[in-house]
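One structure below.
What you see is a predicted model; the values in this text were computed from it and never measured.
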Amino acid sequence: MHPLVEEAARKAAVAWVLPSGQERAYPVWCLWAGDALYVVSGPGEQPAPGLGEADSALVSLRGDHGGRIVTWPAAVSRVEPDGDEWTAVVPQLVAKRLNATGTTDQVAARWATECLVTRLAPTGDPVEQAHPVEQAHPVR
């Protein structure tokens, strides 16, 4: 993994994601854990159009003043509620979720039945070009 991707992702609260098959990127709150970025989307959470159906995406991370630090290709996969990855990552995601209603177990149970937890794993070196930015999807 490229060191710039890991360093920027560890500090990121928000990432801009462009799933394969989509025309515009959108911001999502996220968590870097291990070697991948994790995103929660669905009812009561942030929108992530096309992410659930995508097998790849471009991810851009920006600095405190909005300038792009790095854009990198990612493999997209779903984190399944009955797996070890879910057990390891979801409590961290719940802790990072601002204004979550309920206990960690209650939020995780809701996500398991209503939402999608997605893993975005870097698959190559950073790319030079930025991707189109979509302003219509606010980060929650």
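E6 pairs by the side-chain hydrogen bond (donor to acceptor under 3.5 Å, both in side chains) definition with R10, not counting sequence neighbours. Taking K11 as the reference, E7 meet the salt bridge (charged side-chain N to carboxylate O under 4.0 Å, His left out) condition, with sequence neighbours excluded. Shown here are the side chain to side chain contact (heavy atoms under 4.5 Å, CB included) partners of T101, two or more places apart in sequence or in another chain: there are none. With sequence neighbours left out, T104 forms a side chain to side chain contact (heavy atoms under 4.5 Å, CB included) with P91, V94. For Q92, the side chain to side chain contact (heavy atoms under 4.5 Å, CB included) partners are L31, A33, not counting sequence neighbours.
Looking at S60, its side chain never comes within 3.5 Å of a backbone N or O of W16 through a donor-acceptor pair. In this structure a side-chain-to-backbone donor-acceptor pair under 3.5 Å is present from Q46 to V40. Remark: side-chain polar atoms of W32 are paired, donor with acceptor, to backbone N or O of G34 under 3.5 angstrom.
Between S41 atom OG and L51 atom CG the span is 6.0 Å, to the nearest 0.5 Å. Expressed to the nearest 0.5 Å, how far CH2 of W86 lies from CD of E80 amounts to 8.5 Å.
At least one side-chain heavy atom of V5 sits under 4.5 Å from a side-chain heavy atom of P126. Using a 4.5 Å heavy-atom cutoff, the side chains of W72 and L4 are not in contact. Between D55 and S20, the closest side-chain pair of non-hydrogen atoms falls below 4.5 Å. The side-chain heavy atoms of Y26 and P49, taken from C-beta on, include a pair separated by under 4.5 Å.
Sorted by first then second residue, the salt bridge (charged side-chain N to carboxylate O under 4.0 Å, His left out) pairs that include residues 87-96, not counting sequence neighbours, number zero.
Closest of all the heavy-atom pairs between A12 and L61 is CB-CD2, 3.8 Å.
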Side-chain donor-acceptor pairs under 3.5 Å in residues 107-123, sequence neighbours left out?
unit_1: R110; atom_1: NH1; unit_2: P43; atom_2: O; d: 3.2
unit_1: R110; atom_1: NH2; unit_2: E45; atom_2: OE2; d: 2.4
unit_1: W111; atom_1: NE1; unit_2: E45; atom_2: OE2; d: 3.0
unit_1: T113; atom_1: OG1; unit_2: A109; atom_2: O; d: 3.4
unit_1: T113; atom_1: OG1; unit_2: R110; atom_2: O; d: 3.2
unit_1: R119; atom_1: NE; unit_2: Y38; atom_2: OH; d: 3.1
unit_1: R119; atom_1: NE; unit_2: E85; atom_2: OE2; d: 2.9
unit_1: R119; atom_1: NH2; unit_2: D35; atom_2: OD1; d: 2.7
unit_1: T123; atom_1: OG1; unit_2: P73; atom_2: O; d: 3.3

Worked check of side-chain contact (heavy atoms from CB on, under 4.5 Å) between V89 and V79 = CA-CA 9 Å; V89 172; V79 179; 5.6 Å; no
